[in-house]
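The structure appears below as C-alpha cells.
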Number of protein chains: 2
Amino acid sequence: MNSSSTRSRGRPSRIDSPRTLRTALELLDEAGLDALTMRRLADAMEVRAGALYRYYATKQDLLTAMSEQMMEGVTEKVLATDGAPWHERVADFARALRTALLNHRDGARVFAGTHPTGGNVLGFSEALVGVLLDAGFPADDAARTLYALSNFTVGHTLEEQAARSGENGGADAAGLLRSAVTDGSYPHLHTALSALASTDFDRHFEYGLGLLIEGLRARRPG
Amino acid sequence: MNSSSTRSRGRPSRIDSPRTLRTALELLDEAGLDALTMRRLADAMEVRAGALYRYYATKQDLLTAMSEQMMEGVTEKVLATDGAPWHERVADFARALRTALLNHRDGARVFAGTHPTGGNVLGFSEALVGVLLDAGFPADDAARTLYALSNFTVGHTLEEQAARSGENGGADAAGLLRSAVTDGSYPHLHTALSALASTDFDRHFEYGLGLLIEGLRARRPG
DNA sequence: ACCTGAACACCGTTCAAGT
DNA sequence: ACCTGAACACCGTTCAAGT
C-alpha cells in the first residue's frame with residue numbers, strides 16, 4: 001500500500017500525471033491559456049511533446065483535469081461556514097466557485113471549455129444541492145438553481161478575466177464603451193456609464209448574485 | 001451616393017467584408033467554430049488565405065464582426081413587444097439574446113470570445129437599460145442588471161450548445177452524470193437526477209431567468 | 001488595387017525506434 | 001517501460017511579387 005508499489009521497478013519516469021497537472025497550472029498562471037501548448041508544457045518539464053500523451057490522451061483531457069484540480073478544497077472551504085441561513089450558504093457556494101476560477105489566469109475559460117465529472121466538481125454540486133434540499137426546495141428547483149448559479153458565475157468570471165487581461169494598454173473595453181457612448185447616440189448608456197465602465201467586479205458579481213438569491217427567497221416553499 | 005461609388009474603378013474584388021462575413025457565418029453553421037479557419041474560409045471563397053487580411057486585419061476582428069452580425073435585428077424584434085409590463089420586457093431581452101446565439105452553431109462561444117461594440121450590440125444594451133430606467137431603477141442598478149442578464153444568458157447558452165453538440169454518441173454529459181451518481185456517493189444529486197440530466201434547456205433557462213426577474217421585482221424602488 | 005505564392009513560426013497528435 | 005525523433009496534417013499571419 002505504500003506509494004512506491006504503484007510503479008513497477010525500472011527507470012523512474014520523469015513525468016507523471018500529478019506533475020504534468022501541476023506544471024500545466026503553473027504555465028497557465030505564467031503565460032495564459034493561449035500559450036499553454038503541449039510543446040511549451042513539454043519544454044517546462046524537459047521532455048518531448050509526444051511523451052505527455054502517455055499520461056493524458058488528449059490536451060482536452062489535461063484541461064479537464066485542470067478544471068477538476070482548480071475546484072480542489074472549494075467545497076470544504078464553503079462547508080466550514082456552517083450555521084448561517086440557507087441563502088447565505090448558497091451565495092457562498094457561488095462566491096467560492098468564482099474565487100476558485102479567479103485563482104488561476106484564464107481559469108473561467110479553462111473551466112467553461114471542459115466538463116469535469118470528478119470528485120471535486122461533483123462534491124461541490126452535491127453539497128450545494130444538499131443545502132437547497134434542506135432549505136425545502138423541490139429536487140427539480142435545486143437542480144436548476146445549481147445550473148443558474150453556475151452559469152451566471154462562469155459567465156461573469158469569463159467577462160471579468162477577459163476585461164482584466166485586456167486592460168493593459170489604452171483600448172480596453174471600458175474605454176471603447178466610453179468613446180462609443182459619448183457621441184450622444186446612446187443616451188441611456190450615457191446615463192448609466194459610471195457603473196457600465198466600472199471595473200469593480202466584486203460589486204457587479206454581488207449584484208447579480210443578490211438578484212438570484214432574492215429570487216430564490218421569493219420562490220421558496222413554505 | 002450610389003453604391004458603386006464606394007469602390008474606384010478597376011478589377012472588381014472577388015471578396016469584400018460583407019461577403020466574407022456572410023461566408024464565415026455559413027461555414028460556422030456547417031462546420032462549427034473549430035473548423036472555421038482562415039484557410040477553410042478562403043477555400044469557400046475561392047481565394048488564398050492571405051487575401052482575407054485585406055478586409056479583416058485579424059481573425060479576432062472577423063469573429064467580432066460575426067458577433068455583431070448575430071445581433072442584427074434583435075433589438076427591433078424585442079421592442080415590437082410593446083405595452084407589456086417592464087419585467088416581461090426585460091425577460092424578453094434575455095430570451096432574444098439567447099435565441100440570437102442559438103441561431104448559429106457555437107454562437108455563444110463566438111460571442112463570449114469577442115467584445116463587440118457595434119450598433120447592434122450597443123443598441124441592444126441601450127434599449128434594455130432604457131426599459132430598466134423607465135421602470136424606475138437607478139442607473140447603477142440598470143447597468144448591473146444588463147451585465148447580470150447577459151452573463152447568465154451567455155453562460156447558459158455556452159453550456160446548452162456544448163451539451164447539444166456533444167450529445168451525439170453515448171458518452172454525453174447526462175450519461176456521465178448518471179453513471180457517476182448511481183454508485184451512491186452523491187445522494188442529493190441522485191435525488192435531483194431527473195432535472196440534472198434533463199436536456200430541456202428552455203426550462204433550465206426560464207428557471208434562472210425567472211429568479212433574476214423576481215429578484216429585480218423585489219428590488220425595484222417605489 | 002487586389003490577389004497569389006511562398007514562407008515563417010508555430011500547432012495537436014502519432015508512432016517506429018531507441019535505451 | 002518510458003521517452004525520443006521525426007513526421008503528418010494542419011494553424012494565423014506577413015509580404016514581395018505578379019496582374
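So you know, we letter chains A, B, ... as the sequences are listed, proteins then strands, and number each from 1. Values reported hereafter were calculated over all heavy atoms of this structure, with side chains retained and with hydrogens, waters and symmetry mates removed.
- The interatomic distance linking Y53(A) (OH) with dT4(D) (P) rounds to 14 Å, in whole Å.
- Taking atom C1' in both dC2(D) and dA17(C), the straight-line distance is 13 Å, to the nearest Å.
- Using a 4.5 Å cut-off on side-chain heavy atoms (C-beta onward), D106(A) and D29(A) make no contact.
- Judged purely by distance below 3.5 Å, without hydrogens or angles, the side chains of H104(A) and Q69(A) never pair a donor atom with an acceptor atom.
- Every stem involving DNA chain C, taken as at least 3 paired positions in a row under the Watson-Crick or G-U wobble test at 3.5 Å, is listed here: C:4-8 with D:12-16, C:12-16 with D:4-8.
- Rounded to an integer number of Å, the gap from CG of L52(B) to C1' of dT4(C) is 13 Å.
- No hydrogens or angles considered: nothing links the side chains of H115(B) and Q60(B) as a donor-acceptor pair under 3.5 Å.
- Here the shortest heavy-atom pairing between L211(B) and A148(A) reads CD1-CB, 4.5 Å.
- For dC10(D) and dA9(C), the P atoms lie 22 Å apart once the distance is rounded to whole Å.
- Applying the salt bridge (charged side-chain N to carboxylate O under 4.0 Å, His left out) test to pairs two or more places apart or on separate chains, none has a residue in residues 115-130 of chain B.
- The 5' end of DNA chain D is approached more closely, in terms of each residue's nearest nucleotide, by R54(A) than by the other of R54(A) and A49(B).
- Rounded to an integer number of Å, the gap from OH of Y55(B) to P of dA1(C) is 12 Å.
- Under 3.5 Å, the side chains of S198(B) and D200(B) contain no donor-acceptor pair of N or O atoms.
- In the region residues 25-43 of chain A, proximity to DNA chain C at under 4.0 angstrom, judged on heavy atoms, holds for T37(A), M38(A), R39(A), R40(A).
- Defined by atom type and a distance below 3.5 Å, a donor-acceptor pair is missing between the side-chain atoms of T114(A) and T64(A).
- Rounded to whole angstrom, the span from the CZ atom of R48(A) across to the P atom of dT14(C) amounts to 19 Å.
- No more than 12 heavy-atom neighbours from other residues, nucleotides or ligands sit within 6.0 angstrom of CZ on R203(A).
- When rounded to the nearest whole Å, the span between CD1 of I15(A) and C1' of dC2(D) equals 8 Å.
- Rounded to an integer number of Å, the gap from M45(B) CE to dT4(C) P is 11 Å.
- One can place CG of D16(B) at 17 Å from P of dA1(C), the figure rounded to the nearest angstrom.
- Side-chain N/O atoms of T145(A) and Y207(B) include a donor and acceptor closer than 3.5 Å.
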